[in-house]
Amino acid sequence: MKGLSRKIVREISDSKNEPLWMKDFRLRSLDVFMKTGFPRWGPDLSGIDFSRLSYYLSPGSGKSSSWDDVPAHIRKTFDKLGVPEAERRFLGGLGAQYESEMVYHSLKKEIEEKGVIFIDTDSALRDHSRLFRRFFSKIVPPSDNKFAALNSALWSGGSFVYVPEGVKVNVPLQAYFRINAQGIGQFERTLIVVGENASLNYIEGCTAPVYSSPSLHAGVVEVIALKGSTVRYTTIQNWSRNVYNLVTKRAHAYAGSVVEWVDGNLGSKVTMKYPSIYLKGKGSRADILSVSFSGKGQVQDLGGKVLHLAPGTSSRIISKSICQKGGSSCYRGLVYVRKGMAGSRSSMRCDSLLLDSVSKADAFPSLKVEEKDVELMHEATVGRVSEDALFYLMSRGLSQSEAVSLVVLGFISQFTRELPMEYAVELNRLIRLNIEGF
Amino acid sequence: MALEVNNLKVEVDGNIVVKGVSFVIGDKDVVALMGPNGSGKSSLALALMGHPRYKIKSGSAVLDGVDITGISPEQRAKLGLFLSFQNPVDVPGLGVETFLRQAYNSVRGRMGVMDFHLLLKDRMSSIGVPGQFSSRDLRGFSGGERKRMELLQMSLLNPKIAILDEIDSGLDSGALKDVASELKKLSAGLLLITHYIRMLEFLRPDVVHVMKAGQIMRSGDFRLALRMDREGFG
Ligand SMILES: Nc1ncnc2c1ncn2[C@@H]1O[C@H](COP(=O)(O)OP(=O)(O)OP(=O)(O)O)[C@@H](O)[C@H]1O
Ligand SMILES: [Mg+2]
């Protein structure tokens, strides 16, 4: 593996003036990465070019150097979406700064007064070292999987959010604004801690396509929901079609807390992502809602995992996938109920919609239940767009592709309804563009 | 002459189910089409609207001088043809208002979201569609509700020619009256497919055709409908 060495890892750590424990953590993670094999299941990852990792993000790195380098189809999408010039430059990976930075700063001030911390992860390590260390990597250890290990060795950027006990953050915190000011890292590390009875609604990503020249993104997200808290983490992923997006997302939910992953995946070449929630406290609740859209040459390998490790816990996993033009999706779901965790409930549902006969969808739901006193439901469907529905819509003056779009938007409406208005509108517009073609 | 159908043959699933049917519907004519179950009435209607499974094998259908047999359903709608379905289709998750607005914009030209909302509310109340229906999904409506929703769509799209495939089935008697009086207000040529005399009493067809086994066996005026109602199709 060209270039990836202990020396590099030390250099990364030194250049950031990190404490010794972090340097040590990175080095141990590198060992784990080297020792760990690729997952033996799932999509083909042989196209990943490990010699082209950009190890850390100094300002300006990991971005295209000029607008002309941004692929034409992405520029065209911006035109169609009517995205303003400044935003295009950012979304095109150029990292231009613009007003959203100001939005970020005013929002930041407002929540800071309540004691909320919302900063990039590197700053958190520097400025809130005790708090940070208490929670960092407690949920996703480097040994979790090869890409979590790689992230642990090379991480840079990402968000750190801390919401103190009892504080409710009502406006959705949008990483988009923070990232805008700093650029997107290849190995982002996000850590969110929500205090007792506090609440947070966090949004990451944006709907317009994000062009990234590095083709591997391996993020890690850790969420800790303390007693009685509520956390919703929404992601909209729309990477350019060259990206391998391999993400480890996990949450620990303590007594009476609610954790929700809302996860939309449109872009990338290959995405592997199985947000998981460990229900560790009595009466805690997990909700995983995901949508994927796979077009030509795309593989969306997604799912959700809930571990019922306390009694009276409940979970719901809903996955909707849409495939067209030879794209493929694969759903992997796991629900585990440990012995003795009586009164737990879970429902898992996965629906796929194929828009043509060259696309494909698979589902591998799995239930491991050691307890008798539980209520479980699970259902999987694969469907095609009904000819009668299309005809009905077309008889009302809609074109074939408009009709398909409406059927698709209907299919994912359960998801869209959970998004803030502007995201829902954008997502709908983007799906229309994907279906109606360029 | 608004719609002129000449010797139309329709095949579905390998069978010819409409075997050479001809009729005309003038601008504001009310034409009734009756006939026993399975005689090919809906197949004719679906083929005229352009359903891909109901293939027109021969003959023509000319709407205001344009032969529509080769064009898409979308274009037929834009030329002013409307079909009220015997069995309207569900599209789960699709908001009624979103759907209707998009249909309206396609057929009648763009209207702002707010203006459309007001127009829709107005039409809903005059047709007797409950206000909350517009914020529901296009699914789960009862039989009679579906028929009112079809009429609502017709009223919004304001077609030249409307084929109403059993719009009266599933309606309670009050609803039937509402629907009939709304239909009178709309200035479309109508092809009324029905099994019941009630609707025809309200709308008084100019011509009545009786279809059997894929063919029009008999034509006449309103009195023919009365006779069919009394004596059956024999
Ligand atoms: N999609 C289809 N596939 C196969 N056969 C069909 C299909 N649609 C209609 N048919 C057949 O075509 C014939 C005519 O059916 P159609 O629905 O046109 O009758 P109809 O006159 O509308 O009857 P009804 O009064 O019961 O509504 C019937 O024999 C029916 O079974
Ligand atoms: Mg019929």
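Note on naming: letters A, B, ... go to the chains in the order of the sequence lines (proteins, then strands), and numbering restarts at 1 for each one.
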K.L.:
With a 4.5 angstrom heavy-atom cut-off, could you sort out which part of B:P88 is near chain A: side chain, backbone, both or neither?
P.N.:
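Contact with chain A is through both the backbone and side chain of B:P88.
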K.L.:
Does A:L398 reach the side chain of B:E74, with side-chain heavy atoms less than 4.5 Å apart?
P.N.:
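The answer is no, as the side chains (C-beta and beyond) never meet within the 4.5 Å cut-off.
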K.L.:
Picking from B:H51, B:K78, B:Q75, which has the most non-hydrogen pairs under 4.5 angstrom with chain A?
P.N.:
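Of B:H51, B:K78, B:Q75, B:H51 has the most heavy-atom pairs under 4.5 Å with chain A.
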K.L.:
Can you tell me if CZ on B:R146 sees more than 12 non-hydrogen neighbours from other groups inside 6.0 Å?
P.N.:
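More than 12 heavy atoms, drawn from other residues, nucleotides or ligands, come within 6.0 Å of this atom.
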K.L.:
Count the heavy atoms belonging to other residues, nucleotides or ligands that lie under 6.0 Å from CZ of B:R123, then report whether that count exceeds 12.
P.N.:
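Check passes, neighbour count above 12.
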K.L.:
Among the options A:S413, A:S399, A:A389, pick out the one with the most heavy-atom pairs lying under 4.5 Å from chain B.
P.N.:
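So the answer, after comparing A:S413, A:S399, A:A389, is A:S399.
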K.L.:
Please examine the side chains of A:Y392 and B:L83, heavy atoms only from C-beta on, and report whether any two atoms are closer than 4.5 Å.
P.N.:
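When only atoms from C-beta onward are counted, A:Y392 and B:L83 do not touch, as no gap falls below 4.5 Å.
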K.L.:
Specify which of A:I412, A:L393, A:L409 makes the most heavy-atom pairs with chain B at under 4.5 Å.
P.N.:
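Maximum pair count with chain B is reached by A:L393.
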K.L.:
Below 6.0 angstrom between ring centroids: does that apply to B:F85 and A:F391?
P.N.:
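Yes, the ring centres sit under 6.0 Å apart.
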K.L.:
Return yes when atom NZ of B:K121 has more than 12 non-hydrogen atoms of other residues, nucleotides or ligands closer than 6.0 Å, and no otherwise.
P.N.:
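Yes, enclosed.
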K.L.:
Is the number of heavy atoms from other residues, nucleotides or ligands under 6.0 Å of B:F133 CZ greater than 12?
P.N.:
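Result for CZ/B:F133: enclosed.
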K.L.:
Using non-hydrogen atoms only, which part of B:D137 is less than 4.5 Å away from chain A: side chain, backbone, both, or neither?
P.N.:
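It is the side chain, since no backbone atom gets that close.
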K.L.:
Find the distance between OG (A:S395) and CD1 (B:I163) and round it off to the nearest 0.5 Å.
P.N.:
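So the gap between those two atoms works out to 10.0 Å.
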K.L.:
Measuring only between side-chain heavy atoms, which start at C-beta, is A:Q400 closer than 4.5 Å to B:S72?
P.N.:
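No; the side chains remain at least 4.5 Å from each other.
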K.L.:
Find out whether A:R396 and B:L157 are in side-chain contact, i.e. whether some heavy atom of one side chain is under 4.5 Å from a heavy atom of the other.
P.N.:
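In contact.
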K.L.:
Are B:P52 and A:E387 close enough that some pair of their side-chain heavy atoms sits under 4.5 Å apart?
P.N.:
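Yes. Closest side-chain heavy atoms under 4.5 Å.
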K.L.:
Between chain A and each of B:Q153, B:R139, B:R76, B:R108, count heavy-atom pairs under 4.5 Å; write down the option with the most.
P.N.:
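If we count pairs closer than 4.5 Å to chain A, B:Q153 comes out on top.
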K.L.:
Which of the residues B:G50, B:A77, B:P73 is involved in the greatest number of heavy-atom pairs with chain A at under 4.5 angstrom?
P.N.:
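The candidate making the most pairs under 4.5 Å is B:P73.
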K.L.:
Examine whether an atom of B:L46 lies under 4.5 Å from a heavy atom of chain A, and if so say whether it belongs to the side chain, the backbone or both; otherwise answer neither.
P.N.:
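Looking at B:L46, backbone and side chain both touch chain A.
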